[in-house]
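A short worksheet on the structure shown next.
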Number of protein chains: 2
Amino acid sequence: MISEQEGNGSPLLSDKIRLALADEITSGALVPGTQLDEQQLGARFGASRTPVREALRQLAASGLVEMRPRRGAVVAEITVARVFEMFELTAEIEALCVRLAAWRMTPQERSTLRQLHEQSRRAVEESDIDEYDRLNWLFHDAIYEGTHNAFIVEQAKALRERMAAFRRAQLREATRPAHSRHEHGEIVEAVLRGDGEEAAKLMRAHMFHAASAFDRSTCVLENDHN
Amino acid sequence: MISEQEGNGSPLLSDKIRLALADEITSGALVPGTQLDEQQLGARFGASRTPVREALRQLAASGLVEMRPRRGAVVAEITVARVFEMFELTAEIEALCVRLAAWRMTPQERSTLRQLHEQSRRAVEESDIDEYDRLNWLFHDAIYEGTHNAFIVEQAKALRERMAAFRRAQLREATRPAHSRHEHGEIVEAVLRGDGEEAAKLMRAHMFHAASAFDRSTCVLENDHN
DNA sequence: TATCTGAATCTTGCATACACAGCGGCTCAA
DNA sequence: TTGAGCCGCTGTGTATGCAAGATTCAGATA
């Protein structure tokens with residue numbers, strides 16, 4: 001949604017600031033509720049208030065900060081309850097995608113999906129978490145694309161992007177990648193059979209397990225603010 | 001997503017400009033591809049470039065305009081195909097909401113939903129399209145809230161807001177409100193039974209019929225631009 | 001002592017000014 | 001005549017200044 005610049009070489013200050021702030025917020029360096037003072041941020045980034053303002057507006061659109069007119073911006077309060085609500089929608093969207101994909105994917109797309117799944121075997125065996133993470137994203141991407149609906153693809157990716165911060169820790173659990181891959185395997189089978197409803201059900205379960213892993217993992221959000 | 005201010009009395013210029021531009025774009029007064037010159041718009045609204053820029057950024061976030069760095073903003077090209085893709089996701093989201101709502105609504109919420117449905121009878125009988133439209137929105141709102149998931153409520157409302165432009169014409173068809181209400185009735189029954197899957201199926205059909213009505217109605221988008 | 005009031009201060013919202021990136025037209029040469 | 005390179009213009013990106021709303025804190029009053 002937010003103009004994720006392709007590799008074009010225009011180093012817009014507002015973009016740099018936006019990315020830096022987004023990183024600090026999602027990594028937890030900036031705790032929820034923190035007041036984001038424009039000129040203070042401008043000083044930190046060696047810029048004037050103008051690009052800072054642009055950055056804050058865009059972050060507000062993506063939900064990372066909250067803006068109250070004439071009262072400035074604060075890092076959005078994200079409670080554990082809210083993260084689970086976000087997880088629920090993510091799971092449902094993923095389920096919806098795989099249901100459509102199971103019905104609509106071309107033979108070639110199905111083949112690609114299976115290949116992606118095969119490739120992940122090595123990453124699991126070698127406990128290469130980063131590689132598994134990469135393949136995991138590609139796997140879900142392939143399913144999004146399988147819907148043959150560009151708008152759904154966009155929205156799904158935007159939602160996943162927004163969730164990225166909270167899913168980071170989730171694969172650190174030693175046994176999670178193996179479980180995850182097993183679940184992927186069942187999903188692939190359902191997709192190859194063209195059984196959309198079953199694939200959706202499996203995907204929902206898959207996402208639920210991922211959320212549980214998140215729940216058990218060290219959690220950035222230790223207390224409810226609301 | 002975009003800060004829909006509650007009735008607070010601070011009339012930010014950028015908000016006024018954003019709303020005005022959004023209206024002109026969705027109504028078709030500004031055709032896709034139109035260059036949006038900042039100082040020209042500023043002159044039109046009696047404002048400087050600053051609030052215009054803010055408005056354009058926010059419109060870009062909601063997908064109505066497209067921004068290319070250092071090349072300004074243009075009204076986003078929206079093809080008929082894309083509108084149907086958006087309709088599909090909307091239908092699926094509505095279906096998802098009603099499925100969850102059928103399982104989670106409190107007795108009181110179910111009662112409210114039925115009452116809303118009853119109220120709409122008069123609007124249909126009197127062919128009061130505006131009133132039916134209003135009750136229609138409240139009906140869908142009640143279903144969103146029935147998910148008991150604030151994040152889903154937000155996202156669903158944001159999506160509906162984005163679709164509003166294309167759904168405007170859809171109820172003008174003389175027979176559509178009656179059909180719409182009949183479909184609502186079936187959905188209400190399924191919800192009251194707690195049959196989420198059936199409610200979802202009915203909702204998908206309901207949205208599909210709405211999309212068809214849109215298709216038949218005079219369409220802002222008469223040709224494919226891509 | 002607690003609460004209300006109002007003025008000082010801070011921060012945002014907006015206007016204006018300036019610098020540089022695209023682009024369009026022009027000239028000039030092949 | 002056509003293509004390449006140069007130059008000026010338009011318009012965006014950024015900086016800064018000003019005014020008004022919001023916050024805060026001191027002082028007065030109950």
Side-chain angles (χ1 to χ4, degrees), chain A residues 2-22 24-25 30-77, chain B residues 2-22 24-25 30-62 64-76:
Chain A
I2 287 174
S3 56
E4 298 296 343
Q5 254 37 64
E6 63 276 27
N8 90 33
S10 70
L12 291 194
L13 251 180
S14 58
D15 280 347
K16 278 173 57 180
I17 296 174
R18 172 172 60 81
L19 293 174
L21 283 179
E24 292 185 31
I25 294 172
L30 284 171
V31 295
T34 307
Q35 266 283 345
L36 296 168
D37 185 88
E38 292 179 2
Q39 54 194 27
Q40 175 183 320
L41 287 174
R44 260 192 54 199
F45 290 104
S48 80
R49 284 176 48 220
T50 310
V52 173
R53 281 177 69 81
E54 307 252 329
L56 289 177
R57 296 291 187 167
Q58 293 183 254
L59 289 170
S62 73
L64 281 178
V65 313
E66 212 168 322
M67 305 215 63
R68 291 157 312 171
R70 293 186 192 283
R71 297 182 57 195
V74 296
V75 178
E77 298 267 2
Chain B
I2 287 172
S3 56
E4 298 296 342
Q5 252 36 66
E6 61 277 28
N8 87 34
S10 70
L12 292 192
L13 250 180
S14 57
D15 280 347
K16 279 174 55 182
I17 296 174
R18 173 172 60 81
L19 293 174
L21 283 179
E24 292 186 31
I25 293 173
L30 283 171
V31 295
T34 307
Q35 268 283 345
L36 296 168
D37 186 272
E38 292 179 0
Q39 53 194 26
Q40 176 183 317
L41 287 174
R44 263 193 50 199
F45 289 104
S48 80
R49 282 176 51 217
T50 309
V52 173
R53 281 177 69 80
E54 308 250 327
L56 289 177
R57 297 292 185 162
Q58 294 182 256
L59 290 171
S62 74
L64 281 177
V65 313
E66 212 167 323
M67 305 213 63
R68 291 158 311 172
R70 293 187 190 283
R71 297 183 57 196
V74 296
V75 179

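Proteins get letters first, then strands, A, B, ... in listed order; numbering begins at 1 in each. As the structure is a prediction and not an experimental result, all values here were calculated from the model.
- For A:R68 and D:dG21, the CZ to P distance is 18 Å, given to the nearest whole Å.
- Looking at every heavy atom in both residues, A:Q35 comes nearest to A:A73 through OE1-O, 3.5 Å.
- The closest side-chain heavy-atom distance from A:V75 to A:L36 is below 4.5 Å.
- For residues 36-50 of chain B, proximity to DNA chain D is found at B:L36, B:D37, B:E38, B:Q39, B:R49, defined as any non-hydrogen atom under 4.0 angstrom from a strand atom.
- A:G33 approaches A:E77 most closely through the heavy-atom pair CA-OE2, 3.7 Å.
- Contact annotation: B:R57 side-chain N/O to D:dG13 OP1/OP2 distance is under 4.0 Å.
- A straight line from CZ of B:R53 to P of D:dT12 spans 8 Å, rounded to a whole angstrom.
- The separation between A:E54 atom CD and D:dA15 atom C1' is 13 Å, rounded to whole Å.
- One interatomic measurement links the two molecules: CD1 of B:I17 to C1' of C:dG13, which rounds to 12 Å at whole-angstrom precision.
- Candidate nucleotides D:dG13, D:dT23, C:dG22 were compared by shortest atom distance to the side chain of A:R71, and D:dT23 ranks first.
- The two residues A:G63 and A:A76 have their closest heavy-atom pair at O-CB, 3.5 Å.
- Rounded to an integer number of Å, the gap from A:L12 CG to C:dA21 P is 12 Å.
- Distance A:R70 CZ to D:dA19 P: 15 Å, rounded to the nearest Å.
- Taking CD of B:Q58 as the start and CG of B:L21 as the end, the distance is 11.0 Å to the nearest 0.5 Å.
- C:dT11 atom P lies 14 Å from atom CE of A:M67, rounded to whole Å.
- When every heavy atom of B:E54 is checked against every heavy atom of B:S14, the shortest pair comes out as CB-CB, 3.8 Å.
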